[in-house]
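Structure record follows, encoded as structure tokens.
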Amino acid sequence: MITPSTKAAKNSKSVRRRGDAATIHEVAKRAGVSPMTVSRVINSNSNVRDEKRELVLRAVRELNYTPNVAARSLAAAQGTRIALIYTNPSSSYLSELLVGALDGAERTAAQLVIESWDHVKQSAERGAARRLAQTVGGVILPPPLCESKAVCAELIAADVPVIAIAAGRFRAEISSVRIDDFRAAHDMTEHLISFGHTRIGFIKGHPNQTASVLRYEGFVAAMTNAGLTVDPLLVHQGFFTYRSGLEAAEKLLDRKKAPTAVFASNDDMAAAVVSVAHRKGLDVPRDISVVGFDDTASATTVWPELTTIRQPIAAMAATSIELLQRGVRGRKEGSSRVVLDHVIPHTLIKRDSVAPPAAQ
């Protein structure tokens, strides 16, 4: 007897043989797990529960998935071992980053090395970069590591191609894949102003990242261009974390004359603002509008869903892998090092967290 699920699985196999190879995204979706869990199972990592492991293996069989084509062309992948090093506190941002990197590696037959430097002290980063340069053919640095002059200097000195993701500003010594953070923040602020908001609160990103500065500058420029004044009492420091968003939101919404809208520099902090607003009995967006930045999972796991700026993090990571592969091949063929500034368009995603300000 063929059950509906069995029939669907057979149909999936049939379609897959006629089309492109299954991706790690599709396996993860079929199994109901994250792409990182799929990666752990494929690489025989013991840190996966048995029931999840079985779900992944079943999805691999049903989709006829072949893990990383580099496994079939290891010799061709020699010298294209690419490292992604991260120390990002936002789990939503990190998830998007890893998914994109895994997809890029799968498409280009790269061997992807993923390392967390969360516990590497800043004073030890130079040595860690020096050791890393001896084992890989290229390195991807997301924020905040892409801002580290010491790390970049060591990798450049070792003649290892480097790409900075979301670095904010282009630096002449390393390639970058980024959006225009200034313009994106300017667009979002104009969007709030178009609804009639003039008293807008702003939560800054981590001060160790250039993108944080550019997003605030874009906000200020849009306010100034509209003839509005930025109230310094409505600007608070955040650190791209949910907790820092909670602390900033408490200060903003406890004011006697609170803002009618809050622009947080990432979705995690914006989600925290929504949480604080709800706890204080405020309706979003009727009583206060809230917007974020990045369009990570946090933007759609809160109610109402957030209006935000889509920074295509996964696409940026995948593009970085492809550019590194191209650069490594070029170096092998004798080409000189090329530094690229690859700017990807952002998108203003309009959802349900913005409305005109309530009558005062």
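All residue numbers in this chain count up from 1 along the given sequence.
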Any donor-acceptor N or O pair under 3.5 Å, side chains [X], [Y]:
X: Asp283; Y: His278; value: no
X: Glu305; Y: Ser353; value: no
X: Thr37; Y: Ser34; value: yes
X: Asp180; Y: His346; value: no
X: His197; Y: Ser289; value: yes

Can you tell me if [X] uses its side chain to pair, donor with acceptor, with the backbone of [Y] under 3.5 Å?
X: Ser244; Y: Thr241; value: yes
X: Arg81; Y: Thr135; value: yes
X: Gln325; Y: Thr108; value: yes
X: Glu26; Y: Thr23; value: yes
X: Thr189; Y: Ala185; value: yes
X: Thr87; Y: Asp118; value: no

Nearest 0.5 Å, please: how far is [atom2] in [Y] from [atom1] in [X]?
X: Leu63; Y: Lys29; atom1: CG; atom2: NZ; answer: 11.0 Å
X: Glu173; Y: Lys149; atom1: CD; atom2: NZ; answer: 8.5 Å
X: His342; Y: Ile179; atom1: NE2; atom2: CD1; answer: 13.0 Å
X: Leu192; Y: Thr260; atom1: CG; atom2: OG1; answer: 8.0 Å
X: Asp341; Y: Ser175; atom1: CG; atom2: OG; answer: 8.5 Å
X: Leu94; Y: Ser116; atom1: CG; atom2: OG; answer: 8.0 Å

Next item on the list: Would you please test Trp117 and Leu145 for side-chain contact (heavy atoms from CB on, under 4.5 Å) and show each step?
Entry: CA-CA 9 Å; Trp117 281 14; Leu145 280 172; 4.0 Å; yes
Item checked: CA sep, side-chain torsions, deciding dist, call: Ile200, Val262, side-chain contact (heavy atoms from CB on, under 4.5 Å) -> CA-CA 6 Å; Ile200 303 172; Val262 175; over 6 Å; no
Do [X] and [Y] sit in the same hydrophobic cluster, where Ile, Leu, Val, Met, Phe, Trp and Tyr count as joined when their side-chain heavy atoms come under 4.5 Å apart?
X: Leu228; Y: Val230; result: yes
X: Leu102; Y: Val99; result: no
X: Val113; Y: Leu98; result: no
X: Ile174; Y: Val343; result: no
X: Val213; Y: Ile165; result: no

Notebook entry, point to check: Cationic tip of Arg215 within the cone over Phe182's six-membered ring, i.e. under 6.0 Å and within 45° of the normal?
Noted result: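 No, a cation-pi geometry is absent between Arg215 and Phe182.
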If every non-hydrogen atom of [X] is compared with every non-hydrogen atom of [Y], which pair is closest and at what distance?
X: Val177; Y: Met316; result: O-CE, 3.4 Å
X: Ala211; Y: Ala166; result: CB-O, 4.4 Å
X: Leu234; Y: Pro259; result: CD2-CD, 3.9 Å
X: Leu324; Y: Gly138; result: CD1-C, 4.1 Å
X: Val120; Y: Ala128; result: CG1-CB, 4.4 Å
X: Val235; Y: Tyr216; result: CG1-CE1, 3.8 Å

Next item on the list: Please say whether more than 12 non-hydrogen atoms of neighbouring residues, nucleotides or ligands are located less than 6.0 Å from CD in Glu217.
Entry: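 Correct, the count exceeds 12.
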Next item on the list: Please indicate whether Arg243 has more than 12 foreign heavy atoms, meaning atoms of other residues, nucleotides or ligands, lying under 6.0 Å from its CZ.
Entry: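 At most 12 heavy atoms, drawn from other residues, nucleotides or ligands, come within 6.0 Å of this atom.
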Heavy-atom side-chain proximity of [X] to [Y] below 4.5 angstrom:
X: Arg126; Y: Val151; result: no
X: Leu84; Y: Pro142; result: yes
X: Val291; Y: Thr308; result: no
X: Gln111; Y: Ile82; result: no
X: Val139; Y: Val136; result: yes
X: Val56; Y: Arg53; result: no
X: Pro143; Y: Phe240; result: no
X: Ile114; Y: Tyr86; result: yes

Item checked: Residue pair Leu214, Thr210: steps toward the side-chain contact (heavy atoms from CB on, under 4.5 Å) verdict -> CA-CA 6 Å; Leu214 293 173; Thr210 305; 4.2 Å; yes
Check: Should the pair Phe293 and Phe263 be assigned to parallel (<30°), tilted (30 to 60°) or perpendicular (>60°) ring geometry?
Finding: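 Ring orientation, 0 to 90° scale: parallel.
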Notebook entry, point to check: Under the criterion side-chain contact (heavy atoms from CB on, under 4.5 Å), which of Ser212, Ser265, Pro207 is the partner of Phe239?
Noted result: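 Passing option: Pro207.
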Notebook entry, point to check: Are Asp294 and Arg310 close enough for a salt bridge, meaning some N to O gap below 4.0 Å?
Noted result: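 Not counted as a salt bridge, because no side-chain N and carboxylate O are separated by less than 4.0 Å.
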Note to self: Taking Asp295 first and then Arg351, would you say they form a salt bridge - that is, a charged N and a carboxylate O separated by under 4.0 Å?
What the structure shows: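 The answer is yes: the pair qualifies as a salt bridge.
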Note to self: Using salt bridge (Lys or Arg N to Asp or Glu O under 4.0 Å), reason through Glu154 and Arg131 one step at a time and then give a plain yes or no.
What the structure shows: CA-CA 10 Å; Glu154 285 296 333; Arg131 290 189 295 273; over 6 Å; no
Note to self: The test is side-chain contact (heavy atoms from CB on, under 4.5 Å); show your working for Leu306 and Val290 and say whether it passes.
What the structure shows: CA-CA 7 Å; Leu306 292 170; Val290 181; 4.1 Å; yes
Item checked: Identified side chain to side chain donor-acceptor pair (under 3.5 Å) counterpart of Ser298 within the set Asp268, Asn266, Asp267 ->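 Exactly one candidate clears the test, Asp268.
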